[in-house]
A.B. asks: 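Could you have a look at this structure, given as structure tokens, before my questions?
For the numbers below, each heavy atom of this structure counts, side chains included, while hydrogens, waters and symmetry mates do not.
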Amino acid sequence: VFDVYCYSMAAPGSTHYGFYLLSYEFVYVGSKHVRNTLVMFAIFSILGGVIVFVTSIMLIVALRKEYEKKMLPWIVSFGIFTIFRFLAYLFFSIVNDRIFAYNSLMIVIWTICIIVSIYGWVVVYSLYIELSDLTRLEDLAHLRIGTMQSLNASTTHSLAGSRPTTPHSTVSTMPVN
């Protein structure tokens, strides 16, 4: 949001007053196409941030209840957002002057943010893989139990099984006195 504000305040041909707190000399004002590309990166970063925020809320619910399928929107959107921000970071660090402290500080901050973002994405993706494997194992176990029960039901012809009395049977075939 701050980048969009700065680009609008420092647009070529614009006049603005009141440089009390901030001078806009650090804002790129060179080529029109490069400036428009920087504005585009800033606006799409805002939109991507909103999408990541919404999917992060979905991720919190999914993590609490361990629904791996509901993690996929965050994994996809955050992965795309991280790649997009990395490309924007590269472009920003190439075209902006590092003479100004703001530009140098933004490069350092975005380097740290991108590294932390990649680490966070890998952590959530590995949890997604682990939960998917657990779900697959549970499904196989339920299938095996269902198959074994259907096999037992087809081979036994009485409620008590093949033996008249068993020590662990809950159904007794002994006559009641």
Side-chain angles (χ1 to χ4, degrees), residues 1-8 27-28 33-96 102-162 166 168-171:
V1 175
F2 181 71
D3 284 343
V4 174
Y5 172 74
C6 289
Y7 291 130
S8 66
V27 179
Y28 183 85
H33 301 295
V34 173
R35 185 183 177 287
N36 288 341
T37 305
L38 286 168
V39 171
M40 185 262 322
F41 276 127
I43 290 173
F44 281 121
S45 293
I46 292 171
L47 294 175
V50 169
I51 291 169
V52 167
F53 179 74
V54 169
T55 56
S56 293
I57 293 171
M58 294 169 53
L59 177 69
I60 291 171
V61 172
L63 288 174
R64 210 169 355 127
K65 298 186 179 190
E66 293 184 349
Y67 294 145
E68 72 271 4
K69 297 296 182 199
K70 292 186 179 183
M71 291 180 185
L72 274 178
W74 185 87
I75 291 172
V76 171
S77 65
F78 196 72
I80 291 170
F81 181 74
T82 302
I83 291 169
F84 177 78
R85 279 309 306 166
F86 178 72
L87 295 175
Y89 157 78
L90 284 178
F91 189 74
F92 180 88
S93 62
I94 290 170
V95 301
N96 283 319
Y102 174 80
N103 292 336
S104 297
L105 185 66
M106 285 295 108
I107 290 171
V108 170
I109 289 173
W110 274 109
T111 301
I112 294 168
C113 286
I114 288 174
I115 290 170
V116 170
S117 296
I118 291 170
Y119 177 73
W121 187 87
V122 167
V123 166
V124 172
Y125 184 70
S126 66
L127 179 65
Y128 169 77
I129 296 293
E130 184 177 337
L131 286 176
S132 295
D133 290 343
L134 273 172
T135 302
R136 194 174 310 121
L137 283 174
E138 286 175 353
D139 291 344
L140 286 173
H142 289 300
L143 180 67
R144 178 179 253 175
I145 289 171
T147 305
M148 295 303 289
Q149 286 177 349
S150 67
L151 274 174
N152 285 341
S154 65
T155 58
T156 58
H157 302 291
S158 69
L159 289 175
S162 60
T166 58
H168 303 291
S169 176
T170 57
V171 178

A.B. asks: Assess the residue pair Trp110 and Phe86 against the criterion (side-chain contact (heavy atoms from CB on, under 4.5 Å)); give the C-alpha distance rounded to whole Å, side-chain angles, the decisive distance to 0.1 Å, and a yes or no.
C.D. replies: CA-CA 8 Å; Trp110 274 109; Phe86 178 72; over 6 Å; no

A.B. asks: For the atom pair CG (Leu90) and CZ (Arg85), what is the distance rounded to the nearest 0.5 Å?
C.D. replies: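 It comes to 10.5 Å.
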
A.B. asks: Supply the atom-to-atom distance Ile94 CD1 to Ile107 CD1, rounded to the nearest 0.5 angstrom.
C.D. replies: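 So the gap between those two atoms works out to 9.5 Å.
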
A.B. asks: Do Ile80 and Ile51 have side chains that get closer than 4.5 Å, going by heavy atoms?
C.D. replies: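 Side-chain contact under 4.5 Å: no.
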
A.B. asks: I need the Leu38 CG to Met40 CE distance, nearest 0.5 Å.
C.D. replies: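 Atom-to-atom, Leu38:CG and Met40:CE are 8.5 Å apart.
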
A.B. asks: Where is the tightest heavy-atom contact between Glu68 and Thr135, given as atom of each residue plus distance?
C.D. replies: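 Shortest heavy-atom separation between Glu68 and Thr135 comes out as OE2-OG1, 3.0 Å.
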
A.B. asks: With a sphere of 6.0 Å drawn around CZ of Phe44, does it hold more than 12 non-hydrogen atoms of other residues, nucleotides or ligands?
C.D. replies: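 12 or below, so no.
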
A.B. asks: Please tell me if the side chains of Met71 and Leu127 come closer than 4.5 Å, counting only heavy atoms from C-beta onward.
C.D. replies: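 Answer yes - side chains close enough.
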
A.B. asks: Kindly compute the distance separating CD (Glu66) from OH (Tyr128), expressed to the nearest 0.5 Å.
C.D. replies: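 It comes to 14.5 Å.
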
A.B. asks: Less than 4.5 Å apart, any side-chain heavy atom of Leu131 and any of Tyr67?
C.D. replies: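 Contact flag for Leu131/Tyr67 side chains = no.
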
A.B. asks: Would you say Leu137 and Asp133 make side-chain contact, with heavy atoms under 4.5 Å?
C.D. replies: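 No - every pair of side-chain heavy atoms lies 4.5 Å or more apart.
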
A.B. asks: If you take all heavy atoms of Phe81 and Ser45, which pair is closest and at what distance?
C.D. replies: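 Minimum heavy-atom contact is CE1-O, 3.6 Å.
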
A.B. asks: Do Trp74 and Trp121 come within less than 4.5 Å of each other through their side chains, counting heavy atoms only?
C.D. replies: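 When only atoms from C-beta onward are counted, Trp121 and Trp74 do touch, with a gap below 4.5 Å.
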
A.B. asks: Looking at CG of Leu63 and CE of Met58, how far apart are the two atoms once the value is rounded to the nearest 0.5 Å?
C.D. replies: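 One gets 11.5 Å once the value is rounded to the nearest 0.5 Å.
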
A.B. asks: Ring centroid separation for Phe41 and Phe91, is it under 6.0 angstrom?
C.D. replies: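 Centroid separation for Phe41 and Phe91: below 6.0 Å.
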
A.B. asks: Give, for atom CG of Leu134 and atom CD1 of Ile129, the distance between the pair rounded to the nearest 0.5 Å.
C.D. replies: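 Answer for the CG-CD1 pair, Leu134 versus Ile129, is 12.0 Å.
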
A.B. asks: Can you list the steps and then say if Thr55 with Ser77 is a side-chain hydrogen bond (donor to acceptor under 3.5 Å, both in side chains)?
C.D. replies: CA-CA 8 Å; Thr55 56; Ser77 65; 3.0 Å; yes

